[in-house]
Amino acid sequence: MKTIKLKLSFEKEAVTKPIIYDLVKKYDVMTNILGANIEYGNRGNMTLEIQGKKKNLDLALDYFTQLNIKYEIYGEAIKRDEERCVHCGACTAVCPTHALYMGEDAMLHFDKDKCVVCRLCIKACPLRVISLEL
Amino acid sequence: MKSIALINEKIRQGKAVVVTAEEVIDIVKEKGYKKAYEEIDVVTTGTFGPMCSSGVFINFGHSDPPIRMQNIKLNDVPAYGGIAAVDTYIGATEPSTKMGNEYGGGHVIEDLIAGKDITLHALSSGTDCYPRKEILTTINKDNINQAYMFNPRNAYQNYPAATNSTNKTIYTYMGTLLPNYGNITYSTSGALSPLLNDPYLKTIGMGTRIFLGGGVGYVSWQGTQHKVDVERSENGVPLVHSGTLALVGDIKGMSTKYVRGAVYEKYGVSLFVGVGIPIPILDEEILKYVSVENKDIYTKLVDKSGKEAIDQKYNYEELRSGFVKFNGKKVPTAPLSSLSVARDIASTLKDWINKGDFELTERVIPIPSEKKVNSLEIRGIE
């Protein structure tokens, strides 16, 4: 079993398709809707967490492609290359939940549970040591 | 009054007492200035922050047939071709022609120090004595001749903290600044910072031997934009940017632990440079300067969008706490300069001196003091 978090963006042709039904019925994928913003008959986007066998998740992603739905896979959290990090703290300037913070020891700390995967830190890092955990 | 010769004699005998600029604070509090002065010989400082005004001079050696290089690229990053045939200067902020700001001069310098092979591509119009018109090869730090870092401006003595008054995120060399005063960034190693520990440059001057990028370097001149006639706190520490140093050092002794290429989003490439300066405790006055604490080092806050004039100062203890009050609101603060690497530098320099590997130098001349920095006037061209 594998879980992925992803954002779907679709144009009006796909809005009328029973995507969630197909995910469950055709691909045996457990689906949890984390956020959705759909203008019926126009366009929309949806943030989903889907869980299933790797093969089925791959088929589900193919299904999105067939329907011309753009998807973007999120990590569960950001990942920091601790070897290469210099603990400058530039990332803490943009982290909205203070998941990244400077400790009393002047080192950068990361509280994974607080990370909302907003990804602002990735580009704020001057050393480019932060990436999405996929 | 101690002399540098006396301190060096103690270093050679393994008897010199060396402490970092953070350690000295508690020693002075415990023992008082007089006793601490009698005991301490050297205080080491350190800083590791982005310093754009940095670069490396390189001599590649001559090929057969030889080339007078004019258009030079190192890993697709343009380097200066306006000096002698196979000399160049690669500046930290130069972006790659292929990767833009994601790779630049700062990264070439880091890769060079790491010992990696770097692609050299150079063009020339060709001359009678230098007939070759193009060269494509790889170089590394072992197959080139001289390679020395020469940084026109490092170790800024204090720097204003930054914020953003506009309703849009702005991207600056002071990091990403969130809308409506959403955050404040600052860049310093505070109580460990070289020039904050010698606010009137009473000991640091041309010829002062220093830690530079993990190797040994020297102060070679005043840095660009150096100025001394600035607003200061009672303890002599400037409230805004003031003194700067031009530094030189052989990259062959350096380490990528202390020299790192950096990218500031939608701004450009820079270079983290590690600098550590030893301060000889020649008299009690110098000891007073080096025992300065973060709570007594203030810096002004500046709106980096340039829209609002802010009249506010904070000390580095407040800024380090993670939040400060601004306009009655709690605003998060973030550092841009690595205090943990600065500590590593100050303690590494202390170890070098303790082992007798690093002696202090007498400065050749004090840093010349420019009273002010000129701005660039836009004049009409006749």
Side-chain angles (χ1 to χ4, degrees), chain A residues 7 9 35 37 45 47 70 72-134, chain B residues 22 48-50 101-103 106-107 110 161-164 169 171-178 182-190 192 256-272 274 319-323 331-344:
Chain A
K7 183 181 177 183
S9 313
N37 180 12
N45 63 66
T47 306
K70 289 197 188 85
E72 209 181 335
I73 298 174
Y74 292 147
E76 290 225 9
I78 53 101
K79 188 175 70 176
R80 175 171 61 111
D81 183 341
E82 293 189 32
E83 289 268 297
R84 298 192 63 243
C85 176
V86 297
H87 305 272
C88 67
C91 57
T92 67
V94 296
C95 181
T97 58
H98 302 285
L100 288 158
Y101 64 98
M102 299 308 290
E104 288 287 319
D105 55 359
M107 308 283 262
L108 177 68
H109 294 264
F110 178 50
D111 184 345
K112 197 172 176 178
D113 294 339
K114 283 190 181 171
C115 178
V116 291
V117 208
C118 72
R119 299 178 292 171
L120 288 174
C121 55
I122 294 175
K123 292 200 158 180
C125 171
L127 280 296
R128 296 292 191 246
V129 302
I130 302 177
S131 56
L132 269 189
E133 190 177 65
L134 295 177
Chain B
E22 284 184 328
F48 187 63
N101 283 332
E102 286 301 308
Y103 187 90
H107 302 96
E110 180 185 335
T163 192
N164 169 19
T169 297
Y171 300 88
T172 74
Y173 64 86
M174 289 298 283
T176 304
L177 296 172
L178 303 174
N183 60 359
I184 291 172
T185 59
Y186 62 97
S187 186
T188 191
S189 57
L192 260 185
T256 55
K257 200 171 161 191
Y258 308 107
V259 183
R260 296 288 293 276
V263 186
Y264 286 89
E265 187 63 14
K266 295 182 189 170
Y267 175 75
V269 183
S270 188
L271 186 70
F272 273 77
L319 289 166
R320 283 235 178 274
S321 74
F323 291 95
V331 179
T333 58
L336 298 171
S337 156
S338 172
L339 179 58
S340 70
V341 181
R343 283 182 175 153
D344 174 332

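Naming convention: chains lettered A, B, ... in sequence-line order (proteins, then strands); numbering from 1 in each chain.
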Top contributor to chain A interface from B/Ala262, B/Ala334, B/Pro335 [non-hydrogen pairs under 4.5 Å]: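 Highest number of pairs under 4.5 Å: B/Pro335.
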
Engaged part of [X] at the chain A interface, taking heavy atoms whose separation is under 4.5 Å:
X        : value
B/Leu178 : side chain
B/Thr176 : both
B/Tyr171 : neither

Within a strict 4.5 Å, meaning less than it, do heavy atoms of the [X] and [Y] side chains meet?
X        : Y        : answer
B/Pro332 : A/His98  : yes
A/Cys88  : B/Phe48  : no
A/Val86  : B/Arg260 : yes
A/Arg128 : B/Glu102 : yes

Working to the nearest 0.5 angstrom, can you tell me the gap between [X] [atom1] and [Y] [atom2]?
X        : Y        : atom1 : atom2 : value
A/Met107 : B/Ser338 : CE    : OG    : 8.5 Å
B/Leu336 : A/Cys91  : CG    : SG    : 10.5 Å
A/Leu127 : B/His107 : CG    : NE2   : 7.5 Å

A/Cys125, part contacting chain B, at a heavy-atom distance under 4.5 Å: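 Contact with chain B involves the backbone of A/Cys125 alone.
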
Short N-O contact, A/Glu104 and B/Arg320, less than 4.0 angstrom: no

Those residues that, when tested against A/Arg84, pass salt bridge (Lys or Arg N to Asp or Glu O under 4.0 Å) (two or more places apart): none

